[in-house]
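Before any comments, here is the structure.
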Number of protein chains: 2
Amino acid sequence: MKNTLKIERAIKNITQDELAKIIGVSRQTINAMEANKYVPSTVLALKIAKHFGKHVEDIFTLDAED
Amino acid sequence: MKNTLKIERAIKNITQDELAKIIGVSRQTINAMEANKYVPSTVLALKIAKHFGKHVEDIFTLDAED
DNA sequence: TCATTATGTAAAATATATTTTACTTTTGGT
DNA sequence: ACCAAAAGTAAAATATATTTTACATAATGA
């Protein structure tokens, strides 16, 4: 799975820390997601998508190996 | 978070076991998700949404306490 | 240039998701 | 009524997500 978190953040010009506070997670969690360290829970994905006004599929996409 | 998994399955008339095999998880995982025992990973949510031809948001929705 | 901010990284601890195994109960068809 | 299939439930084991704490590195703006 890949995601466009970093791009979305850049579009809105917000830091990882700001997004983390809005969503209610640690900054490192945002960083880990951007770096694909692990797969987020659906609750997080929904909150993120909602914050950016997009569908989950617009931000998170499946890879062949998923 | 709540979901409409059971309804989607009923619409397509497939069992938990069949959906589990398609998605690549255990039947009990499907059951646990339908019963809101835990929150699925985004990879699972994406696969499920894709299988039913819907957006993640159409199947999984946030509650106030999320 | 330099101080501050932002991001990257790591590891241990903690929390949660998922699987496996097993059994029970319900459902639906004959 | 009977029975196989489907769904429900549980608990231990396993895997993964997330947090916390800490430090390093990169980027930014004055």
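So you know, we letter chains A, B, ... as the sequences are listed, proteins then strands, and number each from 1. Just so it is clear, the structure is predicted and the values come from calculations on it, not from any experiment.
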Cationic N near anionic O, under 4.0 Å, B:Lys54 to B:Glu8: yes

Side-chain heavy atoms of B:Met33 within contact of B:Leu44, under 4.5 Å: yes

Whole-Å gap separating C1' (D:dA27) and CG (A:Asn13): 13 Å

Any side-chain heavy-atom pair from A:Asn3 and A:Thr61 closer than 4.5 angstrom? no

Output the single nucleotide from D:dT18, D:dG8, C:dT18 whose closest atom is nearest the side chain of B:Arg27. D:dG8

Side-chain contact, heavy-atom cut-off 4.5 Å: A:Phe52 with A:Asp58? no

Taking the side chain of A:Lys6 as its heavy atoms from C-beta onward, which of C:dT9, D:dG8, C:dT7 lies nearest to it? C:dT7

Check the distance between C:dA17's C1' and B:Lys37's NZ and give it to me in whole angstrom. 13 Å

Please state how far atom CG in A:Asp17 lies from atom C1' in D:dA27, giving the value in whole angstrom units. 16 Å

Walking DNA chain C from its 5' end, the first of B:Pro40 and A:Glu18 to be reached, judged by nearest nucleotide, is A:Glu18

Taking atom types as they are modelled, would you say the side chain of A:Gln28 forms a donor-acceptor pair with the base of C:dT7 within the 3.5 Å cutoff? no

Could you tell me the separation between the CD1 atom of B:Ile14 and the C1' atom of C:dG28, rounded to a whole number of Å? 18 Å

Has A:Ser41 got a side-chain N or O lying under 4.0 Å from the OP1 or OP2 atom of C:dT16? no

Tell me whether A:Thr4 contacts the main-chain N or O of A:Ile7 through its side chain, where contact means a donor paired with an acceptor under 3.5 Å. no

Can you tell me if the side-chain N/O atoms of B:Arg9 get under 4.0 Å from OP1 or OP2 in D:dA7? yes

Starting at CG of A:Asn3 and ending at P of D:dA17, how long is that distance when rounded to a whole Å? 13 Å

d(CG, A:Asn31; P, D:dT20) in whole Å: 15 Å

For atom CD1 of B:Ile30 and atom C1' of C:dT20, their distance in whole Å: 16 Å

Nearest of D:dA17, D:dT9, C:dA6 to any side-chain atom of A:Val39? D:dA17

Round to the nearest Å and state the distance from A:Ile48 atom CD1 to D:dA17 atom C1'. 13 Å

